[in-house]
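Read the structure below first, then the notes.
Any value given below was found using the heavy atoms of this structure, including those in side chains, with hydrogens, waters and symmetry copies removed. Every chain is numbered from 1 and lettered A, B, ... according to where its sequence line falls, protein lines coming before strand lines.
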Protein chains: 2
Amino acid sequence: MDRSQIVKLLQQHDVTPTRQRIEIAGYLYQRPQHLSAENILEGVNAEGHRVSRATVYNTMGLFTDKGLVREILIDRERIFYDTNRSEHYHVYDVDSGELHDVMQSEIEIAAVPKLPEGARIVDTNVILRVSSKS
Amino acid sequence: MDRSQIVKLLQQHDVTPTRQRIEIAGYLYQRPQHLSAENILEGVNAEGHRVSRATVYNTMGLFTDKGLVREILIDRERIFYDTNRSEHYHVYDVDSGELHDVMQSEIEIAAVPKLPEGARIVDTNVILRVSSKS
DNA sequence: CTGCTTGCAAAGGCTTTGCAGAACA
DNA sequence: TGTTCTGCAAAGCCTTTGCAAGCAG
């Protein structure tokens with residue numbers, strides 16, 4: 001994704017495209033991936049110090065609000081941000097700590113519980129924890 | 001659940017029944033509920049007993065390992081412990097912060113993705129985030 | 001006795017905040 | 001120019017840890 005595409009993407013999501021946000025988004029969308037705030041800080045700054053820790057946290061909070069990324073809460077350690085914007089679920093290997101995507105089509109959620117009056121589902125979160133240990 | 005039942009439950013789960021653990025378990029199993037570590041600390045100590053913060057954290061970690069409770073990661077704020085030991089899922093109201101149980105029968109997960117060689121699912125985690133705001 | 005457990009306080013580690021200066025529209 | 005954003009350091013907060021004293025079996 002080149003710079004002008006990123007700018008467009010940010011604008012479409014109602015995010016003012018500053019230099020830092022463009023760099024962070026550029027790093028995130030190199031490929032679909034699962035990153036922590038620290039990963040992002042390191043990755044973006046790998047070519048030289050250009051974005052501060054506070055800005056990474058600010059920006060990821062903003063991107064989450066604006067629907068550019070999804071937070072995944074896997075463990076108590078840290079938040080992961082998922083840059084795969086298509087509907088999908090996760091398989092988490094508790095032995096290795098690896099997190100994998102599962103296409104929506106591989107899991108079928110049938111039936112929907114009754115929700116409070118006027119409520120709608122804003123996010124469907126499915127994590128299968130798997131282990132190879134007995 | 002009376003004291004002897006709690007002792008038995010702990011022993012069945014391979015947990016040495018100390019005074020603190022019995023008090024914590026007694027508080028947890030008054031009713032199915034979703035509690036944070038701080039909730040538990042306050043709740044247990046409000047009943048006139050005395051358990052330290054470190055012991056609450058220790059104990060909840062142990063109870064989780066032994067399968068007496070389940071950790072629910074809803075937001076970045078804190079961990080909730082679920083004392084409902086039956087299979088079930090959750091609906092989280094993002095507006096109010098309320099967390100509700102959904103019986104397993106209300107959601108159907110059909111099809112299972114292919115897992116790594118020899119892996120098995122140790123936990124199935126489903127959270128529907130709902131909102132009433134436009 | 002002998003190894004777990006507990007409790008206190010201090011440390012840890014991720015995340016947020018206050019505020020001054022810089023960038024944006 | 002008025003607003004928004006950034007960066008630094010400090011603060012916040014939940015959770016863990018080190019270690020001496022206390023219990024369980």
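- For the helix from dC1(C)-dG25(D) to dA25(C)-dT1(D), the angle separating the two terminal helix axes comes to 40°, with each axis derived from five pairs and the value rounded to 10°.
- Rounded to an integer number of Å, the gap from D65(A) CG to dT16(C) P is 11 Å.
- Around CE of M1(B), the count of heavy atoms belonging to other residues, nucleotides or ligands within 6.0 Å exceeds 12.
- Note on R53(B): every side-chain N or O is 4.0 Å or more away from OP1 and OP2 of dC8(C).
- For R21(A) against F63(A), the heavy-atom pair with the smallest separation is O-CZ, 3.8 Å.
- Between the CD atom of E71(A) and the P atom of dT15(C) there is a distance of 9 Å, given to the nearest Å.
- Contact of the Y92(A) side chain with the D123(B) side chain is not registered, since no non-hydrogen atoms from C-beta on lie closer than 4.5 Å.
- Cluster membership check: V102(A) does not share its hydrophobic cluster with I72(A), using side-chain heavy-atom separations under 4.5 Å among Ile, Leu, Val, Met, Phe, Trp and Tyr.
- If you measure from atom CG of L73(A) to atom P of dC14(C), you get 15 Å, rounded to the nearest angstrom.
- Phosphate contact (OP1/OP2 of dT15(D), side-chain N/O of Y57(B), threshold under 4.0 Å): present.
- Distance, L10(B) CG to dC4(C) P: 18 Å, rounded to whole Å.
- Remark: the backbone N or O of Q33(B) is paired with a side-chain donor or acceptor of T83(B) at under 3.5 angstrom.
- Distance alone, capped at 3.5 Å, is enough to place a donor-acceptor pair between the R129(A) side chain and the I74(A) backbone.
- Side-chain nitrogen and oxygen atoms of Q20(B) include at least one within less than 4.0 Å of the OP1 or OP2 phosphate oxygen of dG7(C).
- Comparing dT17(C), dG7(C), dT15(C) against the side chain of N58(A) picks out dT17(C) as the nearest.
- Here the P atom of nucleotide dT15(C) and the CD1 atom of I79(B) are 13 Å apart, to the nearest Å.
- Regarding R21(B), its CZ atom lies at a distance of 11 Å from the P atom of dG7(C), rounded to whole Å.
- Spacing between atom CG of L41(A) and atom P of dC8(D) amounts to 10 Å, rounded to whole angstrom units.
- Two residues, T18(A) and T16(B), neighbour DNA chain D, and the one matched to the more 5' nucleotide by heavy-atom proximity is T18(A).
- Here the C1' atom of nucleotide dC14(D) and the CG atom of L35(B) are 16 Å apart, to the nearest Å.
- Within a 6.0 Å sphere centred on CZ of R3(B), other residues, nucleotides and ligands contribute 12 heavy atoms or fewer.
- Phosphate contact (OP1/OP2 of dC8(C), side-chain N/O of R50(B), threshold under 4.0 Å): present.
- Proximity note for T59(B) (side chain, C-beta onward) versus dG7(D), dT6(C), dG25(D): the nearest is dT6(C).
- For the OP1/OP2 pair of dA24(D) and a distance below 4.0 Å, the side-chain nitrogens and oxygens of R19(B) include no atom meeting the criterion.
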